[in-house]
Amino acid sequence: MDDASMVGLMGRVTGTVGPGLVGEVIVRVRGGAEHFLAHPASGAGRLECGTVVMVVEYLPPRTVYVTAAYGS
């Protein structure tokens, strides 16, 4: 999967994402759902488990930078 096709996908936090933490998100991709290591796109703030997020950057093979979606 290339960078452009991951950016903009929605996911849900399954392991807290925040500064100094390597969190985890699950994203629907390639006809299924996959887990990715996640960092906050802003570099600050925490995204707790269950937060809906959007992928803003993808670093192959399994790392994404995310931001909260829908102002959540």
Side-chain angles (χ1 to χ4, degrees):
M1 174 152 278
D2 65 8
D3 297 2
S5 58
M6 282 292 293
V7 172
L9 293 180
M10 305 299 272
R12 186 169 302 273
V13 175
T14 55
T16 303
V17 176
L21 301 173
V22 177
E24 183 182 65
V25 297
I26 189 166
V27 178
R28 288 194 173 277
V29 62
R30 294 184 274 267
E34 298 182 18
H35 289 268
F36 292 85
L37 299 177
H39 299 278
S42 66
R46 289 172 67 101
L47 301 169
E48 301 295 334
C49 289
T51 303
V52 176
V53 294
M54 181 173 59
V55 175
V56 297
E57 187 176 351
Y58 171 59
L59 300 175
R62 309 285 317 156
T63 302
V64 293
Y65 285 79
V66 296
T67 188
Y70 311 121
S72 51

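Nothing here was measured: the structure is a model prediction, and the numbers come from that model. Residue numbers start at 1 and run along the sequence shown.
- When all heavy atoms of R46 and L21 are compared, the closest pair comes out as NH1-CD1, 3.6 Å.
- For E34, the side chain to side chain contact (heavy atoms under 4.5 Å, CB included) partners at least two apart in sequence or on another chain are V29, R30, F36, R62.
- When hydrophobic clusters are built by joining Ile, Leu, Val, Met, Phe, Trp and Tyr residues whose side-chain heavy atoms come closer than 4.5 Å, directly or via intermediates, L9 is grouped together with L47.
- L37 and V25 sit in two unconnected hydrophobic clusters of ILVMFWY residues. Membership requires side-chain heavy atoms under 4.5 Å apart, directly or through other members.
- Contact between P40 and P19 at its shortest, heavy atoms only, is CG-N, 4.1 Å.
- For the residue pair V27 and M10, the shortest heavy atom distance occurs at CG1-O, 3.6 Å.
- Side-chain contact between M54 and V66 is absent, with no heavy-atom pair separated by less than 4.5 Å.
- Counting all heavy atoms, side chain and backbone alike, V17 lies closest to G23 at CG2-CA, 4.0 Å.
- Both M6 and V53 are assigned to one and the same hydrophobic cluster, defined by single-linkage of ILVMFWY side chains at heavy-atom distances under 4.5 Å.
- One N or O on the side chain of T14 and one on the backbone of E24 form a donor-acceptor pair closer than 3.5 Å.
- In terms of the side chain to side chain contact (heavy atoms under 4.5 Å, CB included) criterion, R28 has no residue partners (sequence neighbours excluded).
- Closest heavy-atom contact between L59 and E57: CD2-OE2, 3.7 Å.
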